[in-house]
Protein chains: 2
Amino acid sequence: MNRRETTKAETSEIILASAKKILLENGIVKCTMRSVAAEAGVSPASVVVHFKTKTGLIEAALHEDIEHTIMHAIAGLPEDRPLLDRLMHIWGAMFRFYDTNRNLYRELLRSTTFETDADSPHIKEQMDRFLRFLSTIVRDEQAAGNIDSRLESLVAAESLGAFYFMMLIRFIRDPEMTPAAAAAHLAKITQQFLAGIEPQLG
Amino acid sequence: MNRRETTKAETSEIILASAKKILLENGIVKCTMRSVAAEAGVSPASVVVHFKTKTGLIEAALHEDIEHTIMHAIAGLPEDRPLLDRLMHIWGAMFRFYDTNRNLYRELLRSTTFETDADSPHIKEQMDRFLRFLSTIVRDEQAAGNIDSRLESLVAAESLGAFYFMMLIRFIRDPEMTPAAAAAHLAKITQQFLAGIEPQLG
DNA sequence: TTCATAAATTAAACATGTTTAATAAAACGT
DNA sequence: ACGTTTTATTAAACATGTTTAATTTATGAA
């Protein structure tokens, strides 16, 4: 890397660290381009140069945490348990994570969900990767004879993902809903689906 | 209604009409609180008084169109066709509708989807009503012996709704995706689900 | 009618995301 | 080494959603 490139990378890091700090300590409302810039000792325009938009900045600041939560949940996935239990292990972890700061993640979801794939490549990549992961789980279950082997595993994975995301939306929309309640309802829906794709006897 | 109440209602109508006109003729980017206020011959602050936020205004301006699209699709629902065909009739109409102005509806979806139920009661009500409708369709199919009658119809309806909404998100995120392509993919997912909830023989 | 109260409306100000035009400095070819 | 070009940075301006405080207007009681 050049001198130029290194200093640019360093500046990016400083801005990102400032954004994380403010988000954590003061919340999303206080996290403005100006406050982040001030904390980083840089001009607001510079924040724009480095992260393009405020959405880009927040996405960059929070994306790692989400990634980490997913990975942690996957790492602790219980072996030798029914598929529903394993899925609920992941979904439960996600709901509890989003529950730690609902307004913050509402903002993130709001500003990223309906962006163009090109405009929020992080999200697209994360979604794709997660779908592929679900798809391998489905294939494992097919191999173990728990799911009809004629099924397209990716389509089944998409269904499971759709259930989760619908529930996430409802969870964020309803502040009264606890992570446990969201997980329980999601379990019901998932259960119905899984029962349907069990192999037929005979 | 009072004189006060009537004039207030009239003002609301004028503002709403102005918003619709600008959205239609100039698009979402040109639809600002100031431009709407100017078109309506009213102050920007007045728009806030009447619609609370810009999101509230846009929601009010577009909500009817969506409602109309749904109702129209439901009214033209083909009788005596398999459930999948009937669902696709609705989904197809919705995708084609959103396709008429993707940026506009992206903005609407973005600003409403993750709001609190309390903050966007319109949306919640629309979602609930549509779920109930899907649920009655499922019950009809159960009565006709096409779906396992032990199923909870509302849960199945939620699944179908989840598939649709996931596909809508993908549709909005990917500008290259045609309404037909979105519908086709959604059909595949729905098909897999429906096959699973057919009554078991014996 | 008259006056006090409540409500509708607005001008001006504010906060914030983003753009523009200018500056300073590194990179690179000669 | 020198001059040109590219690039990181920024100050100032801009556009827009929203708030505030003041003004005008209608309502209802005395």
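So you know, we letter chains A, B, ... as the sequences are listed, proteins then strands, and number each from 1.
- In this entry the distance linking CD1 of A/Ile22 with C1' of C/dT16 reads 14 Å, nearest Å.
- If you look at A/Tyr98 and A/Phe171, their ring centroids are not closer than 6.0 Å.
- More than 12 heavy atoms of other residues, nucleotides or ligands lie within 6.0 Å of CD in A/Glu5, so this atom counts as buried by the packing criterion.
- To the nearest angstrom, C1' of C/dA8 lies 14 Å from CD1 of B/Ile14.
- Heavy atoms only, all atoms of each residue included: A/Pro44 and A/Arg34 are closest at CG-CG, 4.0 Å.
- Between the side chains of A/Arg139 and A/Ser135, at least one donor N or O sits under 3.5 Å from an acceptor N or O.
- In this structure, B/Lys54 places its NZ atom 16 Å from P of C/dG17, rounding to the nearest Å.
- There is a side-chain donor-acceptor pair under 3.5 Å between A/Gln126 and A/Glu67.
- Using a 4.0 Å cutoff on non-hydrogen atoms, the parts of residues 46-53 of chain B near DNA chain D are B/Val48, B/Thr53, ordered by number.
- Heavy-atom contacts from other residues, nucleotides or ligands closer than 6.0 Å to CZ of A/Arg129 number more than 12.
- Residues of residues 28-37 of chain B having a heavy atom closer than 4.0 Å to DNA chain D, listed by number: B/Thr32, B/Met33, B/Arg34.
- Residues B/Arg173 and A/Ser120 bring a donor and an acceptor atom of their side chains to less than 3.5 Å of each other.
- With rounding to whole Å, B/Asn26 atom CG is found 12 Å from D/dT16 atom P.
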